[in-house]
Undergrad: 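Quick one: the structure is below, questions incoming.
Note that ligands are numbered from 1 as they come in the structure, with each ligand's atoms numbered from 1 the same way. Here the structure is a predicted model, which is why all the values come from computation and not from measurement.
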Amino acid sequence: MCEHARVSATVLVVGGGGREHAIVRALSRSNRRPRIVCAPGNAGIALDAECVPVDATDAGEVTRLARSIGADLAVIGPEAPLVAGVADALRAEGIPTVGPGAAAARLEGSKAFSKDVMVAAGVPTARAITVTSVEEGMAAVAELGPFVAVKADGLAAGKGVVVAHDPDTARSALDACLTHGVFGDAGRQVVVEEGLTGNEVSLLAVCSGGVVSRFPAARDYKPIGEGNTGPNTGGMGSVSPIPDIPDDMADRLVDEVHRPVIAELERRGIPFTGVLYAGLMMTADGPRVLEFNTRFGDPETQALLPRLDEDPYDLMEAIATGTLEDRPVRTSDDACVAVVLAAHGYPGTPRGGDVISGLEAAAATGADVFHAGTATDAEGRIVTAGGRVLAVARRGATVAAARAAAYDSASHISWEGMIMRRDIASGL
Ligand code: AMP
Ligand code: GLY
């Protein structure tokens with residue numbers, strides 16, 4: 001026998017944020033011992049995988065890389081490559097891929113398309129009107145409001161939604177999209193939606209060949225400030241499970257939301273191979289879908305994958321090859337909390353180049369320290385290089401235990417101007 005483990009398979013992970021680090025870290029724990037290549041990755045992912053600097057949204061570059069490494073499997077993290085058709089290109093090369101094609105990724109890439117599918121599938125969602133002028137928009141506000149959500153139709157890096165409690169705020173959000181074009185083409189159509197209140201839940205399911213297999217419920221914390229105040233971010237932390245969404249309720253939600261949407265897409269001749277993420281609001285009148293994403297959530301994935309209790313490579317391969325078993329994804333009975341550490345200035349213009357200390361001490365506590373916006377400077381130090389810089393994830397027997405552990409681990413890490421919410425998963 002050779003003393004080195006034989007590489008059984010090669011997997012390409014596309015993307016370079018905290019979610020992709022969580023995917024890479026999970027794959028690195030597979031009994032299949034795959035070779036893991038990440039495109040483009042980041043300074044932390046480079047410790048767990050080979051990183052190759054390619055443009056993740058360039059289908060030609062990504063498929064060339066996949067071919068050159070002899071990829072047996074590809075996993076696409078972010079939405080932009082999915083909407084750009086990178087999964088279609090990889091599948092056309094015969095590479096089994098986790099990630100829907102461009103036609104199915106429109107569920108995330110166009111809020112108007114997503115509404116249309118939900119209405120056709122009978123999925124509970126807020127009433128909404130799609131508009132292309134400020135006048136039409138204000139008529140919609142008069143009909144549905146004054147409490148409304150104004151949503152740019154296309155991808156806007158998590159910044160395309162304004163929740164307005166009065167017509168003036170709604171008008172300036174409509175103006176930003178339709179008069180000033182701040183989101184470019186993504187804001188030429190706008191969805192005006194009735195305002196809803198309730199607790200938010202992220203319910204992710206892996207879907208392939210018509211089989212839908214859910215994860216436990218998770219939650220992310222979008223606003224920058226404690227008590228969910230201040231501007232929205234990409235997500236300042238996450239937790240799984242959510243004690244008020246037990247498994248039987250999650251099963252019902254998947255029956256009411258994910259399965260009908262997958263069936264409606266199939267009726268339209270659109271297959272779905274990847275992760276369908278429903279962002280739900282639990283209102284007094286029942287659950288309502290706020291949005292669909294067609295990928296793993298960021299930072300929900302950082303609190304979900306550490307709980308995975310089946311082989312991660314086998315799971316990804318089953319999704320990509322249409323051999324998924326008809327049962328929920330197997331996860332541990334414990335909880336996981338991920339606390340995001342962000343750079344000075346976030347969510348405005350984040351400051352790069354601040355030297356991060358305490359990474360090893362945090363990892364030594366047993367935490368998964370996932371890198372998002374990090375880089376290595378000329379002196380070989382890990383520095384900030386993005387808004388969300390790290391996510392520190394810990395498991396515990398209960399949410400409270402996981403939360404205490406995550407904050408204990410995070411306390412070892414610091415840099416000039418580091419931002420951390422202290423109330424992630426509190427009160428659960
Ligand atoms: P989305 O990108 O559609 O999930 O929206 C981002 C955030 O805006 C959500 O996480 C909610 O906090 C909020 N939001 C979206 N739609 C509504 C709505 N109809 N009513 C109230 N808040 C909403
Ligand atoms: N956690 C929100 C997202 O992934 O879009």
Undergrad: Return the residue, atom name and 0.1 Å-rounded distance of the protein heavy atom closest to atom 12 (O) of ligand 1.
TA: Glu200 OE2, 2.4 Å
Undergrad: Might you confirm whether atom CZ of Arg327 has over 12 heavy atoms from other residues, nucleotides or ligands at distances under 6.0 Å?
TA: yes
Undergrad: Do Arg394 and Val337 come close enough that some side-chain heavy atom pair is under 4.5 Å?
TA: no
Undergrad: Enumerate the atoms of ligand 2 whose separation from the nearest heavy atom of Tyr277 is less than 4.0 angstrom.
TA: 1 (N), 2 (C), 3 (C), 4 (O)
Undergrad: Taking atom CD as the centre, does Glu416 end up with more than 12 heavy-atom neighbours from other residues, nucleotides or ligands that are less than 6.0 angstrom away?
TA: no
Undergrad: Going by an N to O cut-off under 4.0 Å, is there a salt bridge joining Arg188 and Asp153?
TA: no
Undergrad: Which bit of Glu194 gets closer than 4.0 Å to ligand 1, counting heavy atoms only: side chain, backbone, both or neither?
TA: backbone
Undergrad: Do Phe370 and Pro306 make a side-chain contact, defined as non-hydrogen atoms from C-beta onward lying under 4.5 Å apart?
TA: yes
Undergrad: At less than 4.0 angstrom from any non-hydrogen atom of Gly297, what atoms of ligand 2 do you find?
TA: 4 (O)
Undergrad: Is the shortest distance from a heavy atom of Gly195 to ligand 1 less than 4.0 Å?
TA: yes
Undergrad: List in chain and number order the residues that pass side chain to side chain donor-acceptor pair (under 3.5 Å) with Arg421, two or more places apart in sequence or in another chain; answer none if no residue qualifies.
TA: Asn228, Asp423
Undergrad: Do me a favour and list the nearest non-hydrogen protein atom to atom 5 (O) of ligand 2 with residue, atom name and distance?
TA: Arg295 NH2, 2.7 Å
Undergrad: Please examine the side chains of Leu305 and Asp368, heavy atoms only from C-beta on, and report whether any two atoms are closer than 4.5 Å.
TA: no
Undergrad: Using distance alone, determine whether Lys222 and ligand 2 share an N or O pair under 3.5 Å.
TA: no
Undergrad: Enumerate the atoms of ligand 2 whose separation from the nearest heavy atom of Asn293 is less than 4.0 angstrom.
TA: 3 (C), 5 (O)
Undergrad: So between Ala149, Ser202, Gly160, whose heavy atom ends up nearest atom 18 (C) of ligand 1?
TA: Ala149
Undergrad: Specify the protein heavy atom at minimum distance from atom 2 (O) of ligand 1: its residue, its atom name, and the distance to 0.1 Å.
TA: Glu291 OE1, 3.2 Å
Undergrad: Checking side-chain polar atoms at under 3.5 Å, does His21 have a donor or acceptor matched by the opposite partner on Asp48?
TA: yes
Undergrad: What protein heavy atom is closest to atom 7 (C) of ligand 1, reported as residue, atom name and distance in Å?
TA: Asn232 ND2, 4.2 Å
Undergrad: Identify the protein heavy atom lying closest to atom 21 (C) of ligand 1, giving its residue, its atom name and the separation to 0.1 Å.
TA: Leu196 O, 3.2 Å
Undergrad: Name the closest protein heavy atom to atom 19 (N) of ligand 1, giving the residue it belongs to and the distance to 0.1 Å.
TA: Glu193 OE2, 2.8 Å
Undergrad: On the six-membered ring of Phe296, is Arg19 placed so that its NZ or CZ lies under 6.0 angstrom from the centre and within 45° of the ring axis?
TA: no
Undergrad: Just checking, is any N or O donor in the side chain of Thr283 or Asp285 under 3.5 Å from an acceptor N or O on the other one?
TA: no
Undergrad: Tell me: protein heavy atom nearest atom 22 (N) of ligand 1, and distance?
TA: Val163 CG2, 3.7 Å
Undergrad: Between ligand 1 and Lys222, is the shortest N or O to N or O distance under 3.5 Å?
TA: yes
Undergrad: Say you draw a straight line from CG of Asp314 to CG of Leu324; how long is it, rounded to the nearest 0.5 Å?
TA: 12.0 Å
Undergrad: Between the side chains of Asp309 and Arg307, is the shortest nitrogen-to-carboxylate-oxygen separation below 4.0 Å, so that they form an ion pair?
TA: no
Undergrad: What protein heavy atom is closest to atom 3 (O) of ligand 1, reported as residue, atom name and distance in Å?
TA: Lys151 NZ, 3.0 Å
Undergrad: For ligand 2, is there an N or O atom under 3.5 Å from any N or O atom of Glu300?
TA: yes
Undergrad: Show me which atoms of ligand 2 lie under 4.0 Å from any heavy atom of Asp220.
TA: 1 (N), 2 (C)
Undergrad: Under 4.0 Å, heavy-atom basis, I'd like to know which part of Leu290 is in contact with ligand 1: side chain, backbone, both or neither.
TA: both
Undergrad: Of all the non-hydrogen atoms in the protein, which one sits nearest to atom 5 (O) of ligand 1, and at what distance?
TA: Val161 CG2, 3.5 Å
